[in-house]
Structures are given as C-alpha cells and as structure tokens.
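Let me begin by presenting the structure, written as structure tokens, before commenting on it.
Worth saying up front: this structure is predicted, and the values here are computed from it rather than measured. Values below: every heavy atom of this structure, side chains too, minus hydrogens, waters and symmetry copies.
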Amino acid sequence: MADISLTFPDGNARSYPQGTTPAEVAADISKSLGKAAISANVDGAHWDLQWPLDRDCAISINTLKDDAAALELIRHDLAHIMARAVQELWPDVKVTIGPVIDNGWYYDFDRSEPFTPEDLGAIEKTMKDIINRRDPIRTEVWERTRAIQHYEQNGEPYKVELIDAIPGDEPLRMYWHGDWQDLCRGPHLQHTGQVPADAFKLMSVAGAYWRGDSSRQMLQRIYGVAFKSKEDLKKHLNMLEEAAKRDHRKLGREMDLFHMQEEAPGQIFWHPNGWTIYTGLQDYMRRQQRRDGYVEVNTPQVVDRKLWEKSGHWDNYQEHMFIVEVDEEHAREKAVNALKPMNCPCHVQVFNQGLKSYRDLPLRMAEFGSCNRYEPSGALHGIMRVRGFTQDDAHIFCTEEQIEEETAKFIRFLAKIYADLGFEDWTIKLSTRPEKRIGSDESWDMVEAALGAACRKAGYDYEIQEGEGAFYGPKLEFTLTDAIGRQWQCGTLQVDPNLPERLDANYIGQDGAKHRPVMLHRAVLGSFERFIGILIESHAGKLPFWIAPRQVVVASITSDADDYVRETVELLIAAGVRAEADTRNEKINFKVREHSLGKVPVILAVGHREVEERTVTVRRLGEKQTQVSPRDEVVTLLRQDATPPDLT
RNA sequence: GCUGCUGUAGCUCAGAGGUAGAGCACUCCCUUGGUAAGGGAGAGGUCGAGAGUUCAAUUCUCUCCAGCAGCACCA
C-alpha cells in the first residue's frame, strides 16, 4: 500500500502507510501521547483516532488540554454514556438523538413513564459506573441495509428514521462501548474512562418533540452540563446561581416594580417604581425620535376585522389576535373587531389621509404603540414575553431609492441609543430572501444590496442569515450583549413593499403620477416591557442613576434630624431628583440594609453632626465607604447624576 | 399549544384524611441608635377554582385556571 505524508503542526512531515489511524500515529510519536490522545484535527476536520487516514494531510493530535476538542468529545461521549445508562436501567426505553450544546448535551428518549428527579440521580450514578469501567470505544462503518435491519430488529424505530434521513453517500458509523451500540457520526474518545467522572451533572428533564416537529411524538429530553474539571463545573453552577439572582421576576418583586396575576395572564400591573422606569425610558425615546425627524402619532386599539382582512393579518395572524365581538342592539350583524397586534396597518391609514407628495417622503411615523397578541401560554415569560406590550415602533414611508440612506440613518440612531443605555456591544444580522416569497428577484437584489450598503455606510459589519427574511422583504436584526454576556435581539428594520400595496398607499411623484411608497418597519428597543426586563437583568437591578426609580433616600439617624431630612428631600426634588425621606423609628443599620436591598443608588444619612454642619453623609450602593459633604454640593452633584444621558 | 413539575399568610417555605405552622414583612409599645436585621406584643389564611370519593377533603381522584422548565411558536 502506498505511503501518505502527514504534516505536523511544527511543519515537519512524515510518511506512514495509507490507512494508518491517528491513534497509531500518536502512539508512534510517544507512548504517553498515545495514551493521552483524544482525537485529531485532520485538514481542519475533527477526526476520530480510529478513522483511517487515506491521503496526504495536515494532522495534529488533541489531548484533554485542547479545550475545544476536549469539551466537544467529553460532552458528546457523555450523551452516549447517558443513553447507555438509561438503557441499562430501563431496557425498553427507545433512544433517539443526543447532540452537544452550549455547556453540555442532551439526549431525547421515548419512554412512557416520566423520568423523575430520583431517576436522574440513578442515571448519574450508572454513568459514573460506566466511566469507571473504562470500556474501549470502537467504531465500524456499516452498510445501510444492515443498519436498518439491526435497528428494526432491536425495536429502535427512531434510529431507522434517522438513517433514512442521512444522505446516501455518507458513511453510516456505529459506535460501541461495552456491548452498547449507537449510531453516531463521531468522533469519540478512546475509552469511557477519558471522561472526567466528577465534572458533569444532569440538570433537568423536559419534553421535546421528535425532530422538533410539534405534530409528532413528544419525547423526554434529559439535559446535562459537563466540563473538564470539577472546578469548571462548580464555576458554571455558580454562574447559573448568579443569573437566577438577577432574574427580573424576582427583582421586580423585591424592588416593587410590577406584578402579574392570574386574571390577566401575560399582562403587567406596573407599580409606581416600575412605571417610573417605563416613563423615563419613553420620555428619553420620545426626545430622541423628535431630534431624528420622526413625527409621533397614536392609533386605535380596537379595529374592525375589515382592516385586518385587507392587511392580510386576518388570514395569516388570526390565531395570535384577541378577537372582540360586540353585540349591537340594532345592528343586523355582530361587529367583529380585533385588538391590534401591530401598528403598521393603522399607520398606513394615517398616511393615506390626504394626498401625499414625493416632497413628504421620507415620512417617519412613530408610535409608542400598545399591542396585544395572543401568545401561546407556554411562551409567556415574566415581562419579557407578554400578551400586552408597547413597541417603540415607527414606519418610514419612502421610495426605493431612499431605503439605503434611511437605513443608514436608523443604524446611527440606534447606535447612539444603545450607547446611552450602556450597551456598547451589539451586532447586525441581515436576513435575506426566503424560499417562500413575493416580489421579483430584481427587487430583492436591489433591497438586500441597499441594506448591506447602509450598514457599511454607517460603519458597521453585518452577518448574513440566508433565507431568514420575511416573505415580503429582507430585514436587519440588531442583537445586543448584556452585562453577563447574554444576547438579546432588540432592534429590527424590515423592508416592506407589501403592506402599502395591500392598503393602497400612494404618493404623487415628480412626474405627477401616483407611486407606491415602501415601508420600513423599525424598532430600537423592541418593546418597552421586554427591554426593561433586559435592563433589570443586565444591571442586576442596580440601574444607572438617571433611570433608577428611587434615586435617593435621605435617612435620619436620630429623630432630631427629621426636619433636616425633610428639608433635604425637598431640595432634591426641586433639583429634579427622585428622593424620599426615611424618618422611621429604626436604626441606621436597618435603613441602610433595607434600601440597599431595594437597590437605591444613593443613601444620604443624617444625624446631629450633619444638621449642625449643614452636610450629608453620602453612601453609594455597593460601596462600604461613606463621604461627608456640604449639602448644597451634594444636591448639585445629584442633580447632574439625575440628568438623562442625552440632556447632559 | 405540548410534556413534566408546582400552587398553603404580602414574601420564602414547612405540614397532615379530623378545617393549619415558621421566618421575614405588617400594626402597636419600648428603644434615639452613626452605615447591611435592637427588643417585646399583636393582627393576618375559603390551603388556586370547581366537581367527585368519604362520617369527614386544604390533604385522595378528575376537570379547569395560573406559574415554572424545556419544546414548539415569535407572519
């Protein structure tokens, strides 16, 4: 057999007989590497140590020190080890698929009985046992018919279906450890003992549809997390705990921002503190929009179905709409209305009032539009995914030629707002034409190019999401990263030539003829509700001073200072600071603790000394140290802190 | 919407086939205390809703509602 030449990372090349495996290569390099090896990279592909090498290639051997490869393999092997453990414990459970995901893996099972938390404990124990057996992992390529026959005989219908879905030219790989076998594309470790036995944990079990299709069998999915070391696992579990601490639902209660109740699922009762954030953000957005050339409108909540029929929502979106029927005493027919799920059709109605000229374009029409959508019950989540919300919505009516400039202008607008709100890290995705679409290819070419050009014009890179656009036009999505690295898609800009067509919007062009405008649907925050949730979680409740609902508490140390406290609060309020007095009969320790837990950014403590010296003692949230300053100075300082970022 | 779990005081949670308990919060009293819980007393619950089994249901069963996790959804 001919030799092949293998090039190593250091640039040296050696020849080996064709068909040599990376395992043999590793063992040839050194005995210890042979043992420590977990996989190889072959011309950039992740390669099982057992797969033969049949051509010249660049190769490097991975060990547990190579993070990416190690984590991938550990998690992937754990998926199989878990499936084996489950089948050892319950032989009649059917296996399906088990991929690697962020921080771990999952595996989907078909079992009539639900897995209980106790079951998870038992599975984990069996998994550790399997790891300790150090079973060698071996692989073979099987004929398609043989594989199908095998799985049919063993009562594993899901595997048969998977094989049917694998393209005919791809090899079918079988993997074993011990007697246990699974279909898998690999790669895998050398033996089960290479998985760290103390660095994984089974987290939860939940339903999941077979092949992600809600019309098919519901399976049981067990999630696990895994790392290279016990310490890394611990770190991850701590991180989860931290994330739970900043859950906006918990902070919303603790900071007395809002509540929700059974009678209005998916809708928010805003308390004074929460509403202060809400209106503060809305006031800020309103100032920004005015400066950027928007006009603001307001449109009806309850609209006759006739409009929704024309706009297409009645046919395409009805299951998400709250339908309102009204019995009119003298009417022949019932009036059927729907709460608006979107503002766009109403905005076209405003546009359509009076004749529009090309001179009126671009027309930027904004509304803090309250919408109601009947979201599926399982989708609801705190104030992040609700049935009643308000968008910072606007529609830009323009010509096709204006799309690029208007889009660039919007990106700059959005960038300033994200920066003001403390989000410097965000990205743009451009979603292009989907398979099912309307409009000509030339028109799609033109508009997609305009969006890309606008991004470059505004100075930003973008990533393309092939085929993810709406049926009527491409879109930009703006995703920001929060303080703990989570990503949220907030902003959006969608090009829509469809709705102006359906609702017969037009303007008189320079040529004196009627023309169809294009609409750009756009939002920066998305919805106020969701964005406030993001703000709360990103800041862990410690909101920037200007938007914090309670900015200052002036607390008396002894009751002799109560008058001075009240006077100070009045000065602060006059200076535009949200301040309140705490003259309760409690010790200062108690007051400091309570307002710190309530995330009040500044506590001013006042006792005999301060009254006499006309000072206050300033204590900022999160700082142990306090500072005594003249009261007037502090008021001036806090007045500045309280000014929104666009007004400083 | 689907699968699983949960629903007891304002909050966090314990409890049992014989109609309920803790801590914190709340009210009152004492205490005037210098930067993350001072002390005492008191009040507070149709045990998510409805039906069934039972001498007896908040506890067991069923249905519904809501919440949580995941899936699906987010034209």
Side-chain angles (χ1 to χ4, degrees), chain A residues 101 106 108 110-117 119 203-223 244 247 249-250 253-254 256 259-266 311-321 341-342 344 373-382 384-387 434 436-438 469-473 475 489 492 494 496 498-499 521 526-527 530 555-562 583-598 603-610 617-628:
Chain A
I101 52 173
Y106 66 76
D108 287 348
D110 185 9
R111 179 188 186 219
S112 44
E113 295 290 300
F115 289 110
T116 64
D119 291 342
M203 301 298 284
S204 60
V205 53
Y209 298 108
W210 169 234
R211 318 215 90 190
D213 183 344
S214 61
S215 66
R216 306 200 61 179
Q217 175 81 18
M218 174 68 77
L219 305 169
Q220 294 190 64
R221 175 172 297 176
I222 303 180
Y223 285 90
D247 189 312
R249 292 166 296 188
K250 182 171 165 333
R253 203 167 32 242
E254 288 171 4
D256 195 15
H259 85 272
M260 305 178 85
Q261 63 186 49
E262 259 188 47
E263 289 83 349
S311 70
H313 289 88
W314 195 259
D315 284 339
N316 297 316
Y317 204 69
Q318 195 180 151
E319 59 177 320
H320 296 286
M321 288 161 68
M342 295 174 199
C344 26
R373 295 182 189 169
Y374 189 81
E375 299 286 359
S377 57
L380 302 177
H381 179 85
M384 302 275 223
R385 186 87 183 263
V386 287
R387 289 181 175 157
K436 265 183 70 184
R437 61 176 182 267
I438 57 171
F471 69 89
Y472 49 72
K475 64 180 174 188
Q489 194 240 301
T492 177
Q494 298 192 17
D496 183 3
N498 177 51
L499 200 61
H521 307 257
S527 88
R530 180 161 173 273
S556 54
I557 294 168
T558 64
S559 54
D560 302 348
D562 287 358
T583 54
R584 290 175 303 168
N585 175 17
E586 296 291 351
K587 293 198 170 185
I588 192 64
N589 286 313
F590 181 90
K591 296 181 185 181
V592 165
R593 175 180 156 80
E594 190 172 281
H595 298 126
S596 297
L597 290 173
I603 299 171
L604 301 183
V606 168
H608 294 295
R609 278 208 303 274
E610 289 81 358
T617 299
V618 183
R619 188 188 206 279
R620 290 194 181 258
L621 184 60
E623 290 174 20
K624 272 231 147 28
Q625 268 195 325
T626 59
Q627 199 196 343
V628 185

Item checked: No-hydrogen, no-angle side-chain donor-acceptor test under 3.5 Å, H320(A) and Q318(A) -> no
Pair partner, [N] [Watson-Crick or wobble, under 3.5 Å]:
N: rC11(B); result: rG23(B)
N: rA56(B); result: none
N: rG70(B); result: rC2(B)
N: rU61(B); result: rA51(B)

Check: Taking for each residue the nucleotide of RNA chain B with the nearest heavy atom, is it S559(A) or S596(A) whose nucleotide lies nearer the 5' end?
Finding: S559(A)
Next item on the list: With RNA chain B as reference, determine whether M218(A) or H521(A) sits nearer its 5' end, using the nearest nucleotide of each.
Entry: M218(A)
Polar pair under 3.5 Å, donor/acceptor by atom type, side chain [X], base [N]:
X: Q261(A); N: rG67(B); answer: no
X: H313(A); N: rA75(B); answer: yes
X: Y209(A); N: rG70(B); answer: no
X: R385(A); N: rC73(B); answer: yes
X: T626(A); N: rU35(B); answer: no

Margin query: Need one value for T617(A): base, sugar-phosphate or nothing, where a base atom within 4.0 Å counts as base even if backbone is also close, heavy atoms only.
Written below: base
Note to self: Mind checking if L219(A) touches a base, just sugar-phosphate, or nothing, with heavy atoms under 4.0 Å?
What the structure shows: nothing
Does [X] put a side-chain nitrogen or oxygen below 4.0 Å from OP1 or OP2 of [N]?
X: Y223(A); N: rC71(B); value: yes
X: R249(A); N: rA69(B); value: yes
X: S377(A); N: rG1(B); value: yes

Notebook entry, point to check: Is E319(A) atom CD crowded by more than 12 heavy atoms from other residues, nucleotides or ligands, each under 6.0 Å away?
Noted result: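 No, not enclosed.
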